[in-house]
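The structure under discussion appears below in the form of structure tokens.
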Amino acid sequence: MEQIITRFPPSPTGYLHVGGARTALFNWLYARHTKGKFVLRIEDTDVARSTQASTDAILEALEWLGIDWDEGPYFQSQRSAIYSEYIEKLLSSGQAYYCTCSRDALDAMRQKALEAGGKPKYDGICRNKGLSKSDDAVVRFKAPAAGSTIIKDVVKGNIVIPNAEMDDFIIQRSDGIPTYNLAVVVDDITMGINTVIRGDDHVNNTPKQILLYQALDAPLPTFGHVPMVLGKDRARLSKRHGAMSVTAYRDMGYLPDAFLNYLVRLGWSYGDQEFFTKDELIAKFTLENIGRSPGIFDTDKLLALNAEHIRKSPPAVIAHHLVPFLKQSGCDAGEDEFTQAVIQTLSVRSKTLVEMADGALFYYDGKITYDNKAAKKFLKPVIVEPLNLLIKALEASDSFDEPSLEDAFKTVMNTTGMKLGKIAQPVRVALTGKTVSPGIFEMLVVLGQAKVIARLKDAVKFIED
RNA sequence: GGUCCCAUCGUCUAGCGGUCAGGACAUCGGCCUCUCACGCCGAAAACACGGGUUCGAUUCCCGUUGGGAUCACCA
């Protein structure tokens, strides 16, 4: 079988948003699954709205997601010679023509059609005028007025669109720049793209593109239109539903693999399986399992999945993503063994990296500042004696692993008659400043003998003052 | 409005003619427990409606309703 070549063609008019990321992911996964190629193409024919900053932002987001490309990025703005060549082909074969209708005339035409209850389309008035090139002329494609065009869609099945729906659409603007439909088709032909997975919102111009393929005598790619992502109110996902930008999720402390996992499950399934590593996705992703109905973006589920990925990822991987957050909080952390040990105590109780970083700070702090309420409740004179006993026991101990720590605590429990719970909370506050933290013993081990004893002594002093 | 798409628990979904309609998130109970989590056990929760086809429809067909998309010298 022929090698699968897919593509992702964002237009650089903003950041990479959730919906775009999902179609990029589907194309990327399919290419990786089939050992094919994934091409990145920047569709910047809209000069007025395209910016370099947007391009950079999109590339940055893709890199964070781990979606890499085999070819590109190509820029449509640099390919005008190719488009001209193809437009010329269409012109000389009589499948396209120049049109000099003014925008005002066109607007009036639409207005009139609308009032008459019809569809606002171009009436083809210049079609047989045999106009030649001029400054204000656009190039239109001669679309068939009758019959219908059929899309063989791998996710939706056959879609039949009456050709009457299409008018002689513009393929080259008066400034010489090709329009979207023409540029896409020429690019896909010349780049060898044979699989086009894109959003549902494109089904309506797919027949136009099919007509162009046929006029250009080029083989049709496989089309697949995936349903849109909706917001909570069932309307198409937009800014008012919250974060749209992929990198915003990075900044909120999501793991890229968790985000990918969520995105792919929104509209694709593999039996009952919910959790996927990236490699599993590559191994299991196929077009047949893409759903046909639109899905609502659910941040609760994304959060739950993120928590699961945090729990199941190797500490070294988490460390890589966590360290920037730690540094942002002003702590000098590296992706070292200490940080990884810290992560192991925190991963089961962190839903995001932001949360994890927050819970990790006390490990790195020099001096602990006590939460007021916590100190008031647990750092009281009655606990001074047990704390001193504990300090003694810990100083006497020459190993500092969990069993020996448990022994130390038992000694204190036996001599004071206190239960573990009564001792653990004050110790927790002494070590972390808070009433919530990882388990006492695992935390002590990571913190180490010196820090633990110092902090306990600080606490005793704090109470006595 | 024309055209196109879609329709299973609140949400994501499994199901591909015969199932007690399954799983996950969220919700609500309980267990575990040094805090918080994790984990475990349990509860509640769905086939939009109406016609067909069939011995039998969640499943196939048609219609209704509802939702979405799109109708530019934007992509």
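Only a predicted model underlies this, so the values are computations on that prediction, with no experimental measurement involved. Letters go in sequence order (proteins before strands), and every chain restarts at 1.
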Under 4.0 angstrom, heavy atoms only, what part of the nucleic acid is [X] near: base, sugar-phosphate, or nothing?
| X | value |
| --- | --- |
| A:L266 | sugar-phosphate |
| A:R311 | sugar-phosphate |
| A:V160 | sugar-phosphate |
| A:L420 | base |
| A:C101 | base |

[X] (side chain) and [N] (base): donor-acceptor pair under 3.5 Å:
| X | N | result |
| --- | --- | --- |
| A:S174 | B:C73 | yes |
| A:R292 | B:C6 | no |
| A:E274 | B:G23 | yes |
| A:K351 | B:A37 | no |

Problem set entry | A:T179 (side chain) donor-acceptor with A:I170 (main chain) under 3.5 angstrom | yes
Rounded to whole angstroms, how far apart are [atom1] on [X] and [atom2] on [N]?
| X | N | atom1 | atom2 | answer |
| --- | --- | --- | --- | --- |
| A:N205 | B:A69 | CG | P | 15 Å |
| A:D167 | B:G2 | CG | P | 18 Å |
| A:I87 | B:C73 | CD1 | C1' | 12 Å |

Exercise. Relative to the ring of A:F8, is the ring of A:F38 parallel (under 30°), tilted (30 to 60°) or perpendicular (over 60°)?
Worked result: parallel
For this session: May I ask which nucleotide in the shown strands pairs with B:G66, Watson-Crick or G-U wobble, both distances under 3.5 Å?
Result: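 B:C6 is the nucleotide pairing with B:G66.
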For this session: Any strand is fair game: report the nucleotide pairing with B:C34 by Watson-Crick or G-U wobble, both distances under 3.5 Å, or none.
Result: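 Check on B:C34: unpaired, no WC or wobble geometry under 3.5 Å.
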